[in-house]
S.K.: 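Structure in structure tokens, see below.
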Amino acid sequence: MELGSRYTPLGIEEKWYKHWEDLNYFHSIPDEREPFTIVIPPPNITGVLHMGHMLNITIQDILIRRARLQGKNACWVPGTDHASIATEAKVVRMLRDQGIKKSDISREEFLNYAFEWKEKYGGLILQQLRRLGASCDWERTAFTMDEKRSEAVIKAFVDLYHRGKLYRGKRMVNWDCEAKTVLSNEEVLYKEEQAQLFNIKYISQHDPNSSIVIATQRPETIMADAAIAIHPEDPRYRHLIGTKVIIPLINRAIPIIEDTYVDIEFGTGALKVTPAHDQNDYEIGVRHKLEIVDILNDDGTLNSNAKILVGEDRFTARKKIKSLLEEANVLVSIQDYKTSIGRSERTHSVVEPKLSLQWYVDSKQLSEPALKAVMESEIEFLPDHMKNTYRHWMENIRDWCISRQLWWGHRVPAYYYGEEIFVAETKEEAIHLAIEKIGISNFNPVLLFQDEDVLDTWFSSWLWPISVFDGFNNSKDFQYYYPSNVLVTGWDIIFLWVARMIMAGYEWKNAKPFKQVYFTGMVRDKQRRKMSKSLGNSPDALELINEYGADGVRFGMLSSSPAGGDLLFDEKLCDQGRSFCNKLWNATRLIQSWKSSSIDAKDYETLVMSWMNDRITEIYIESDKLIEQSRLSEALKLIYSFIWEDFCGFYLEALKPQESSNISQEVYLNTIGYYERICTLLHPFTPFITEEIWHQLKTRQAREDCMMSSYEQIRIVDKKLLETISEVRNITTNVRELRSKHSIKMNVELPLYVQQSNIDNVLLTKGAKSLLIKMARLSDCTEVISEVAHTQSFIGMRHKYYVLMPITIDVQAEKQRLLKDIEYAQGFVGSIEKKLSNDRFRTNAPGALIEKELRKLEDGRIRLQSLKESLNSLNADL
RNA sequence: GGGAGAUUAGCUCAGCUGGUUCAGAGCAUCUGCCUUACAAGCAGAGGGUCACUGGUUCGAACCCAGUAUCUCCCACCA
């Protein structure tokens with residue numbers, strides 16, 4: 001079948017993915033082979049494929065496909081995350097669009113809608129991963145809220161509770177007024193924002209002429225004030241201590257207290273203390289036993305405690321209170337200022353500090369082995385410096401608030417009976433515990449209630465490496481696959497997820513969850529902004545695949561993404577990937593167009609073939625080394641330029657038969673063999689096209705696929721051979737350069753002379769001469785003893801070459817060029833001589849280096865000598 | 001306030017225990033080619049005080065110190 005000159009990936013990619021999947025290649029079961037495991041960072045079920053996933057998935061797929069080719073038992077577990085806040089928000093919105101309010105339906109009804117939504121849209125992202133070529137073991141697809149994973153979550157909670165590492169406590173929390181739930185510290189993002197500072201006057205209760213001015217950014221909270229605090233060493237207000245002032249508008253009297261927390265320099269030096277709505281104020285409140293007045297409802301509106309503006313949203317209230325304060329003549333001034341404001345990671349709503357009863361994990365205890373494992377490189381971080389960030393967080397870890405006031409998620413397995421708390425995996429067990437505690441005669445089952453809250457999504461995610469293999473039941477799979485080889489994820493979730501998985505691993509299994517963490521950078525646009533849906537600066541992932549092909553996009557993602565470094569995404573890189581596929585495609589077409597017959601291979605063909613053979617081996621060795629160091633993009637670049645320059649640019653060009661002549665059967669078959677090896681080498685990076693070419697090259701048996709071929713281990717290379725061809729190519733380039741400079745077309749054949757010396761020259765290798773003649777389009781190639789007059793010369797690795805060209809030589813220009821070259825060569829030789837004559841160098845430098853320098857010196861001298869000869873002969877011509 | 005990283009060609013970045021006169025690659029630019037696999041191609045070319053200042057060394061883009069600029073993370077500033 002004739003192939004078109006352009007590679008069209010669309011149908012081909014679909015065909016091979018289906019083929020692989022039909023043959024169950026992605027599926028893994030434990031056997032006697034060495035396992036290679038990756039557990040996917042589960043994308044949110046609400047998510048659609050974006051650039052971050054593309055990068056992430058590409059890297060994981062490369063590693064897993066390579067392991068498979070290396071004969072390991074490769075297992076890549078896919079799955080999704082229930083994403084409690086994000087999903088609940090989506091479902092609430094969906095219901096609202098249908099005219100249903102969440103508050104009007106029961107928890108069960110809501111969950112039915114949510115599961116319905118999940119069934120409908122939740123699998124979408126996993127389908128999209130297939131488009132990229134992800135070779136996940138789909139039979140193992142897990143979901144953080146499926147039965148097994150839920151079981152793990154509940155077990156973990158109950159276990160931690162009974163071992164005293166989990167507790168319920170009343171603390172100041174971060175409240176998301178939009179989602180109406182508490183958030184952990186890690187889910188609050190702080191950013192500098194423009195705000196206003198209001199200076200408000202509080203008049204003394206005892207003396208209407210005396211007052212104190214405070215500064216606040218949130219004037220709507222004055223109704224919740226419990227005191228005004230000043231620094232004990234601030235002389236300005238000393239006389240007021242112990243007196244009371246009146247809160248404007250509501251006329252409630254509050255005391256003036258002293259506390260060293262107050263910064264004398266800031267604002268007026270007087271601080272309004274609002275214990276219910278500020279972390280620090282809460283602590284001051286505790287110290288001074290102040291009254292706590294909570295004026296906010298869960299949705300961020302003011303409640304009746306506020307007395308005024310009741311029912312207004314806090315931001316509306318802020319605007320309105322401004323004019324009220326003005327009217328009351330207590331608003332002294334307003335100034336603009338910048339401050340850092342915390343917003344919810346998911347809803348972006350401004351987070352309000354709020355006092356609340358929640359469940360916490362005592363993190364300090366869990367962090368110790370996890371910190372140790374990373375600092376002692378039991379778990380390897382890439383890039384290594386992420387360790388510092390990790391350590392800093394671990395050493396200052398705070399307790400983890402894990403309850404959320406939502407319905408979508410794992411319900412907290414705690415049951416309340418009056419004042420008593422019973423934590424158990426099931427209600428039956430809780431009843432059992434309750435009866436044990438309070439006696440069967442006193443127990444009334446109707447009074448036992450389960451906690452209404454659900455757990456933080458990350459409380460299921462942190463168990464993921466264990467739970468996907470049913471590790472809490474210590475399954476066979478778990479024993480075989482755990483720990484996974486590598487976790488590939490973005491550094492932005494190092495605390496939210498990575499650190500906690502490590503803690504969980506040591507807490508329950510006393511073993512690391514993964515051997516290595518490959519932190520990817522963030523995908524950014526050309527202006528270095530993080531790509532995000534809200535900014536609208538992210539290209540549509542599926543459209544990219546449609547346009548450039550999955551292989552092209554994979555190439556593009558990888559082309560510029562060292563571990564940890566951010567990646568400035570540029571579609572041009574995908575375009576380059578597509579061109580690369582096209583190049584591969586056309587090489588296939590060329591080989592397919594060859595007609596082979598039983599003629600013998602010519603000497604130069606034999607030479608070029610053995611070179612290609614060793615060169616591939618060399619690339620295997622070098623790319624291996626790079627991949628072992630996780631330098632994937634460099635490995636790809638290496639293979640890319642090898643294919644482009646060496647395989648297509650030189651090898652195929654050298655063997656390409658003239659016009660309609662036939663090619664030797666041996667050359668034909670060997671070429672196919674080399675291309676096969678290249679396909680295997682390249683397959684992890686661009687799986688689709690390599691599979692296609694693999695099958696284009698020859699008819700295959702069933703299950704004889706590139707994806708399942710094997711990555712080779714032979715590792716011997718003939719260095720001399722590689723050098724010889726390198727010299728041939730070097731000469732060819734030099735001749736071409738001369739042609740280009742003097743506008744001599746390729747169809748004009750030129751004679752080349754090689755000056756003999758005491759070193760073997762390239763022509764002594766069998767086949768090299770005819771190869772040279774073919775590649776450089778020479779009329780002949782002969783050895784000479786001395787300078788050849790009226791020629792253009794250049795110096796190769798060791799020898800001097802002359803080309804006789806049909807031109808009149810510009811003697812002056814030539815002389816200038818030579819003088820310049822001589823000057824350079826002299827400098828070169830001089831520097832080495834100087835280095836070698838330095839005693840300190842001779843004594844300090846390693847022997848091998850001195851050898852190398854000596855050889856360099858010799859080469860340099862030969863070169864200098866040749867240049868001088870050329871100059872002399874030029875002078876003789878004058 | 002604490003910490004991390006970065007600064008190399010017009011742009012994006014390599015440069016992996018200091019050791020070729022070391023300054024690289026890709027893109028972009030320029031020149032010449034439709035040479036029957038590929039114009040998504042082929043053959044060439046130009047382009048940089050390696051942020052700055054000192055130091056260590058026989059030798060520094062690389063190590064050390066300081067300076068400047070940028071990016072990011074963490075932290076309770078009303």
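Naming: A, B, ... by sequence-line order, numbering from 1 per chain.
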S.K.: Check whether Tyr190(A) forms a cation-pi arrangement with Arg343(A) (NZ or CZ under 6.0 Å from the six-membered ring centre, at most 45° off the ring normal).
M.R.: no
S.K.: Hey, does Thr339(A) reach any base, or is it just sugar-phosphate, or nothing, if we go heavy atoms under 4.0 Å?
M.R.: sugar-phosphate
S.K.: Once you round it to whole Å, what is the distance between C1' of C72(B) and CH2 of Trp491(A)?
M.R.: 6 Å
S.K.: When you compare G32(B) with C72(B), how far apart are their P atoms, in angstrom units rounded to a whole number?
M.R.: 45 Å
S.K.: Counting just side-chain N and O atoms, does Arg631(A) come under 4.0 Å of either OP1 or OP2 of G15(B)?
M.R.: yes
S.K.: Applying a 4.0 Å non-hydrogen cut-off, can you work out what Arg578(A) is touching in the nucleic acid: base, sugar-phosphate, or nothing?
M.R.: base
S.K.: Using a heavy-atom cut-off of under 4.0 Å over every strand shown, decide if Gln279(A) touches base, sugar-phosphate, or nothing.
M.R.: nothing
S.K.: Taking atom types as they are modelled, would you say the side chain of Glu653(A) forms a donor-acceptor pair with the base of A37(B) within the 3.5 Å cutoff?
M.R.: yes
S.K.: In whole Å, what is the span from the CG atom of Asp259(A) to the P atom of C76(B)?
M.R.: 17 Å
S.K.: Ignoring the backbone of Tyr824(A), work out which of C42(B), U21(B), A78(B) is nearest its side chain.
M.R.: U21(B)
S.K.: Syn or anti for U49(B), please, going by whether the chi angle lies within 90° of 0.
M.R.: syn
S.K.: Write down the distance between NZ (Lys852(A)) and P (U21(B)), rounded to a whole number of angstrom.
M.R.: 10 Å
S.K.: If you take the centroid of each ring, where Trp contributes its six-membered ring, are Phe555(A) and Phe685(A) closer together than 6.0 Å?
M.R.: no
S.K.: May I ask you to say what Phe495(A) touches in the nucleic acid, namely base, sugar-phosphate or nothing, with a heavy-atom cut-off under 4.0 Å?
M.R.: sugar-phosphate
S.K.: Mind checking Leu626(A) for me? I need base, sugar-phosphate or nothing, with any heavy atom below 4.0 Å counting as a touch.
M.R.: nothing
S.K.: From the options Trp491(A), Trp400(A), Phe495(A), select the one residue that forms a ring-ring contact (aromatic ring centres under 6.0 Å, His included) with Trp393(A).
M.R.: Phe495(A)
S.K.: Below the 4.0 Å mark, does G44(B) have OP1 or OP2 next to a side-chain nitrogen or oxygen of Lys741(A)?
M.R.: no
S.K.: Choosing from C76(B), U21(B), G44(B), which nucleotide comes nearest the side chain of Arg398(A)?
M.R.: C76(B)
S.K.: Can you check the distance between A68(B) and G54(B), where both ends of the measurement are the C1' atom (answer in whole Å)?
M.R.: 15 Å
S.K.: According to a strict under-4.0 Å criterion, is Tyr390(A) in side-chain N/O contact with OP1 or OP2 of C74(B)?
M.R.: no
S.K.: Classify the nucleic acid contact of Trp594(A) as base, sugar-phosphate or nothing, counting any heavy atom under 4.0 Å across all strands shown.
M.R.: nothing
S.K.: Measuring centre to centre across the rings, with the benzene-like ring taken for any Trp, is Tyr674(A) within less than 6.0 Å of Phe647(A)?
M.R.: no
S.K.: What's the gap between G1(B) and A75(B) when it is taken at their C1' atoms, as a whole Å value?
M.R.: 8 Å
S.K.: Base, sugar-phosphate alone, or nothing: which one does Glu634(A) contact when heavy atoms must sit under 4.0 Å apart?
M.R.: sugar-phosphate
S.K.: With sugar-phosphate meaning primed atoms plus P, OP1 and OP2, does Val273(A) contact a base, only sugar-phosphate, or nothing at under 4.0 Å between heavy atoms?
M.R.: nothing
S.K.: If you look at every strand shown and take non-hydrogen atoms under 4.0 Å, does Thr733(A) touch a base, only sugar-phosphate, or nothing?
M.R.: sugar-phosphate
S.K.: Taking only side-chain N and O atoms of Ser831(A), does any of them lie within less than 4.0 angstrom of OP1 or OP2 on U21(B)?
M.R.: yes
S.K.: Do the charged groups of Glu851(A) and Lys856(A) touch, with an N to O distance under 4.0 Å?
M.R.: no
S.K.: For the P atoms, the ones on G59(B) and on G19(B), what distance do you get once it is rounded to whole angstrom?
M.R.: 15 Å
S.K.: OP1, OP2 of G26(B) versus side-chain N and O of Ser641(A): anything below 4.0 Å?
M.R.: no
S.K.: Would the base of C27(B) count as contacting Lys572(A) through its side chain, where contact means a donor and an acceptor less than 3.5 Å apart?
M.R.: no
S.K.: Please give the distance between the C1' atoms of G10(B) and G5(B) as a whole number of Å.
M.R.: 25 Å
S.K.: Looking at every strand, decide which applies to Cys648(A) at a 4.0 Å heavy-atom threshold: base, sugar-phosphate, or nothing.
M.R.: base
S.K.: Regarding Phe198(A), tell me which of base, sugar-phosphate or nothing describes its non-hydrogen contacts under 4.0 Å with the strands shown.
M.R.: nothing
S.K.: Do Trp585(A) and Tyr7(A) have ring centroids that are under 6.0 Å from one another?
M.R.: yes
S.K.: Whether Lys583(A) contacts C42(B) is assessed here as follows: a side-chain N or O lying under 4.0 Å from the phosphate OP1 or OP2. Is that the case?
M.R.: yes
S.K.: With the side chain of Glu853(A) defined as its heavy atoms from C-beta on, choose the nearest nucleotide among A78(B), C58(B), U20(B).
M.R.: U20(B)
S.K.: Looking at Glu380(A) and Lys387(A), is any side-chain nitrogen of the basic one under 4.0 Å from a carboxylate oxygen of the acidic one?
M.R.: no
S.K.: If you take all heavy atoms of Leu867(A) and Ala825(A), which pair is closest and at what distance?
M.R.: CD1-CB, 4.0 Å
S.K.: Nearest to the side chain of Asn582(A), which nucleotide is it out of A40(B), U21(B), U12(B)?
M.R.: A40(B)
S.K.: Reckon Arg840(A) has a side-chain N or O less than 4.0 Å from the OP1 or OP2 of G19(B)?
M.R.: no
S.K.: Where the side chain of Arg736(A) is concerned, which of G44(B), A4(B), A78(B) is the nearest nucleotide?
M.R.: G44(B)
S.K.: Rounding to an integer number of angstrom, what distance separates U21(B) and U17(B) when you compare their C1' atoms?
M.R.: 23 Å
S.K.: Where does RNA chain B form stems of at least three consecutive Watson-Crick or G-U wobble pairs, each pair having both distances below 3.5 Å?
M.R.: B:1-7 with B:68-74, B:10-13 with B:24-27, B:29-33 with B:41-45, B:51-55 with B:63-67
S.K.: Kindly point out which of G41(B), G44(B), A78(B) is positioned nearest to the side chain of Trp644(A)?
M.R.: G41(B)
S.K.: Considering only atom P, compute the distance from A14(B) to A25(B) and round it to an integer number of Å.
M.R.: 16 Å
S.K.: Please evaluate the base of A40(B) for a donor-acceptor partner in the side chain of Arg6(A) within a cut-off of under 3.5 Å?
M.R.: yes
S.K.: Please classify the nucleic acid contact of Asn388(A) as base, sugar-phosphate, or nothing, using heavy-atom distances under 4.0 Å.
M.R.: sugar-phosphate
S.K.: Taking the C1' atom in each of U7(B) and C50(B), what is the distance between them to the nearest angstrom?
M.R.: 10 Å
S.K.: How many Å lie between CZ on Arg739(A) and P on A43(B), as a whole number?
M.R.: 13 Å
